[in-house]
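To start, the structure under review is shown below, and the notes come after it.
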There are 2 protein chains.
Amino acid sequence: MKTLGKGTSAIRQLLKERLLCKSEVSCTNPAVLVELARELGLYFDPKDAGLSSLLSKVKEIVESNEVRRLPKIPKGTRDFGKEQMAIRDRAFSIIVGVFKMHGAVGLDTPVFELRETLMGKYGEDSKLIYDLADQGGELCSLRYDLTVPFARYVAMNNINAIKRYQIAKVYRRDNPSKGRYREFYQCDFDVAGQYETMEPDFEVIKVLTELLDGLKIGDYEIKLNHRKLLDGMLEICGVSSEKFRTVCSSIDKLDKQSFEEVKRELVDEKGLSIETAEKIGSFVKQRGRPLELLTDLKSTHSQFLKNSGSVLALNELEILFKALEKSKCLDKVVFDLSLARGLDYYTGVIFEAVFKGSTQVGSIAAGGRYDNLVGMFSGKQVPAVGVSLGIERVFTIMEQLEKDRNQVIRATETQVLVAILGKDLTLAAELTSELWDAKIKAEFGLTKRVMNHIDRAKKSGIPWIVFVGESELNEGIVKLKNIEAHEEHVIRREELVEELQKRLNNA
Amino acid sequence: MKTLGKGTSAIRQLLKERLLCKSEVSCTNPAVLVELARELGLYFDPKDAGLSSLLSKVKEIVESNEVRRLPKIPKGTRDFGKEQMAIRDRAFSIIVGVFKMHGAVGLDTPVFELRETLMGKYGEDSKLIYDLADQGGELCSLRYDLTVPFARYVAMNNINAIKRYQIAKVYRRDNPSKGRYREFYQCDFDVAGQYETMEPDFEVIKVLTELLDGLKIGDYEIKLNHRKLLDGMLEICGVSSEKFRTVCSSIDKLDKQSFEEVKRELVDEKGLSIETAEKIGSFVKQRGRPLELLTDLKSTHSQFLKNSGSVLALNELEILFKALEKSKCLDKVVFDLSLARGLDYYTGVIFEAVFKGSTQVGSIAAGGRYDNLVGMFSGKQVPAVGVSLGIERVFTIMEQLEKDRNQVIRATETQVLVAILGKDLTLAAELTSELWDAKIKAEFGLTKRVMNHIDRAKKSGIPWIVFVGESELNEGIVKLKNIEAHEEHVIRREELVEELQKRLNNA
């Protein structure tokens, strides 16, 4: 019943009616109150006729689509109003600019996929997938991220190599909280195909730094690790391989929990010995400048040298770090052995961007290498690596920055308001169409009140007003007013477009 | 089972096993065949253990997410690959350009709405709404159009006046056919609020002509009518008012059916007399140049003059037509008394854009005035008028035009390919990062094979290649090659960015 939201008045009415029957009886008598409570209880007995008639009444109201005070939007979703849209457009244009700088092609996939496409990809998080109702035909679910649809696309179209970006909404039935939505944007950049070692991995991380630098949303760092190094570490610590992924999930909590808490989980829930857990602890506390920590981990006393997977990982990381160094963005990267990432499908480099010195927790972008995901669909392995930027938090920061700067966000780009001092629509149509034809962004208004026109222009930041009243019409002129400059010019009607273009181009 | 698509091999295996048991028996004996048929029949008896074990086997395969030959995409949906995305981006940029020319603000709403928001808005078409599964919480459905979410937004935010555009996907569980999808884009422009008569109606139709002119997709006409004129006509013909909407649905089919067919429906299904149906027929065949037909309908012998609703409509249309005439787009409009529009919520001007002289049927854009929709949500009437452009057909036409022009659609904007003749990722990283930093769109490749680099540049239309091999590296130079101009320049390594910028700006 709580899901309906409507029909509250019907419930209230019915309760009131039953209560009124008793209104003659004094309520100071406790027996009456007990009886009343019993009767009210009956409403919640499924067999009670009152309840069933109440339910059908509620159903009727809901289905009749009766006017309610205010309509609602689903929990965890949001509208983007005009100011938010202006900010969003700016953010997307910066982001797409970076993607195009790197020669990525655009891709768009449907908002829902066959349910089987999403199954077995997200581990425990699969419970958060939104399903479409079974209305006959195929079983579908809303996409949970953009990576799995991308892998499905690569497999389905038998693609050997592609560098693509996609900006689109994804859906998670999570508990919505401040700044967390059930429908939210992801901006993804992925490279699939056979390349030289770390070639696309380097570019993906470079793109991530360009995104975060370009958006100008504050200082950040990119925590980076390697799944094969992590697995090697667990092997060295004596964890059996079937526990690798579940132990990783625990380690992944280290950014929010103390090691003591994580250790308790490893011992009590994951069944590791205290020694093993502590050995893991001594490893995962290692973090630092990439090349320095790398040198340390490759030094002769390092336990990693005996583990072939770890050696492979360390060699790959060396190539990656040197490329990032030459690209002047290694200073953004922190080599962090505690980074584990929750998702199952990662197989190599993994990373996560977080804000520095901020009270905000959680990552703003994350990604890694997933060499087996395409193969899960087609049987043909196409290795891939990518990054996903969560943009909602970026919007919030950009909105805050605008507020701090005390800037008015213009939601339109209108250059001219054609202010007709009267009700002559044909005049407005004629004059404004001339401007539109000349590609001048224009709105028009019909009112005798000069101040209404000026207020409207001020409110939406329109720089120019063209006033046309009866006297102007008779004289074949218009009055051109610039709001900010407080200038006013009288212009011959037939020269309006030319004069405006001159002034707009100079601005 | 047909929805699963997987597990076919398990079924085949099981059938084969049971058949093999009988393989020793000669199959020429009809009795054996009968017995075999009976046994096979058992598999489809729900109580049979074989069937239940088969089903659980199929279930297991589906859920284990076993590799299948090729993954699928839901029926009626599509991916937009790189070339389609390039075309789509171009179309959207033209469309958004028109919307911004008119000072419209952007708006985005969630892809799903509370189910109650959509209920009672689409008449019979409500059966095409996609529902989300009930996974606890609110009942939601995918949006069916952008008009109802817009009205919900206006009501929810208590907005008095807004001119907004929205480009977004909508969802209909229709039978997909060529060029018809279950997920498709709509581009909507709507004006809500109190204005002078026909003020926003004029602008909406003007916007529609600018959209169709700007997209350059062929000659079109806009059929236009008025709901109050239509109702007046039906009143004059003696149709009772409760039949207005259902009779309109029949009339609306006149673009696809002959009048004889529609007449049969009006008489046999809608219960009109033959005389009434024929009277309607004599009205709805009237179509022509707006101001001419209007003069005719307003002439002294016109039956409409006795009907107050019709008189109101004719006066409104006169204002509208004169404004459109001054705006030089009335020649695109055909006043057509047979246009009825299926949707219930229209209350005034209605219109539909169709291609002229084309074999394609159906409308490419449509809209009208809906003065009561916002009030259905909030109880407070906010009149509104808008247009919705269906963009999938536009994409198809634009793709065809590109093909006809024999033009290669570039899916990227890359200006330079950094061709490293070897495997040195750090060198590639250093050189390409310099270009990225200078906002030059660049990709890089690592291979000794010169022709591979050239092929790659040609294939994706990259105009410039920078070659760097060992000898170039030693000499501190790079080779700059322009593919189309067949020119090659030797440049000092440190002057690369500057030289490239000079050449790119001149291009």
Side-chain angles (χ1 to χ4, degrees), chain A residues 3 62 65 67 70-72 74-75 77 79-80 82 85 100-101 103 105-106 108-112 114 116-117 119-120 130-133 135 138-140 152-153 155-156 173 183 196 198-199 202 319 322-323 326-328 377-379 411-414 423 425-426 429-430 433 436 441 443 446, chain B residues 3 62 65 67 70-72 74-75 77 79-80 82 85 100-101 103 105-106 108-112 114 116-117 119-120 130-133 135 137-140 152-153 155-156 173 183 196 198-199 202 319 322-323 326-327 377-379 411-414 423 425-426 429-430 433 436 441 443 446:
Chain A
T3 66
V62 169
N65 205 49
V67 169
L70 270 185
K72 285 198 304 177
K75 196 175 149 184
T77 67
D79 292 317
F80 284 86
K82 53 185 183 175
M85 282 298 281
K100 289 194 170 171
M101 189 70 77
V105 299
D108 189 32
T109 59
V111 83
F112 51 81
L114 294 183
E116 61 184 73
T117 298
M119 271 191 302
Y130 272 101
D131 291 332
L132 292 191
Q135 296 170 287
E138 304 158 323
L139 297 177
C140 297
R152 189 268 305 151
Y153 176 81
M156 192 172 117
R173 288 182 51 257
E183 173 186 64
E196 293 299 323
M198 294 294 106
E199 186 180 346
F202 152 71
I319 297 174
K322 286 186 171 165
K326 285 286 184 193
S327 178
K328 301 198 172 69
F377 289 112
S378 61
T412 68
E413 299 170 6
T414 309
K423 297 190 172 187
L425 179 62
T426 53
E430 187 175 8
S433 295
W436 290 327
K441 299 189 182 88
E443 297 179 48
L446 301 175
Chain B
T3 65
V62 169
N65 205 49
V67 169
L70 270 185
K72 284 198 305 177
K75 196 174 147 185
T77 66
D79 292 318
F80 284 86
K82 54 184 183 177
M85 282 297 281
K100 288 193 171 173
M101 189 70 77
V105 299
D108 188 34
T109 58
V111 83
F112 51 81
L114 293 184
E116 62 184 72
T117 298
M119 271 189 305
Y130 272 101
D131 291 332
L132 292 191
Q135 296 171 288
E138 304 157 324
L139 297 177
C140 297
R152 189 268 305 150
Y153 176 82
M156 192 172 118
R173 288 182 52 257
E183 173 187 64
E196 292 300 322
M198 294 295 106
E199 186 180 346
F202 152 72
I319 298 174
K322 286 187 170 164
K326 284 286 182 191
S327 177
F377 289 111
S378 61
T412 69
E413 299 170 8
T414 309
K423 297 190 172 185
L425 179 63
T426 53
E430 187 176 7
S433 295
W436 290 329
K441 299 188 182 90
E443 298 178 48
L446 300 175

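Reminder, nothing fancy here: chain letters follow the sequence lines and each chain counts from 1.
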Exercise for the section: Ignoring hydrogens and angles, tell me if any N or O in the side chain of A/E183 forms a donor-acceptor pair with the backbone of B/V111 under 3.5 Å. Expected result: yes
Exercise for the section: Counting only heavy atoms closer than 4.5 Å, note whether B/F112 contacts chain A via side chain, backbone, both or neither. Expected result: both
Practice task
Can you tell which part of B/M101 gets under 4.5 Å to a heavy atom of chain A, answering side chain, backbone, both or neither?
Solution key: both
Fill in the blank from the handout: Among A/K322, A/K328, A/E443, the residue with the most heavy-atom pairs under 4.5 Å to chain B is A/E443
Practice task
Between chain B and each of A/S327, A/G106, A/P110, count heavy-atom pairs under 4.5 Å; write down the option with the most.
Solution key: A/P110
Handout entry: Contact summary for A/L425 and B/E199, nearest pair of heavy atoms
Key = CD1-CA, 3.8 Å
Exercise for the section: Please name the pair of heavy atoms, one in B/L70 and one in A/A155, separated by the smallest distance, quoted to 0.1 Å. Expected result: CD2-O, 3.2 Å
I'd like to know which of [options] tops the heavy-atom pair count under 4.5 Å against chain A.
options: B/M198, B/E196, B/E413; result: B/E196
options: B/A323, B/C140, B/G103; result: B/G103
options: B/T77, B/T414, B/L446, B/T412; result: B/L446

Handout entry: Residues that A/Q135 engages under side chain to side chain contact (heavy atoms under 4.5 Å, CB included), provided they are two or more places apart
Key = A/A133, B/Y130, B/D131, B/R173
Practice task
Could you grab the distance from atom CZ of B/F80 to atom OG1 of A/T109, nearest 0.5 Å is fine?
Solution key: 10.5 Å
Exercise for the section: Look up atom CZ in B/R152 and atom CG in A/D79, then write down how far apart they are to the nearest 0.5 Å. Expected result: 4.0 Å
Exercise for the section: Can you sort out the partners of B/K326 under side-chain hydrogen bond (donor to acceptor under 3.5 Å, both in side chains), two or more places apart, ordered by chain and number? Expected result: none
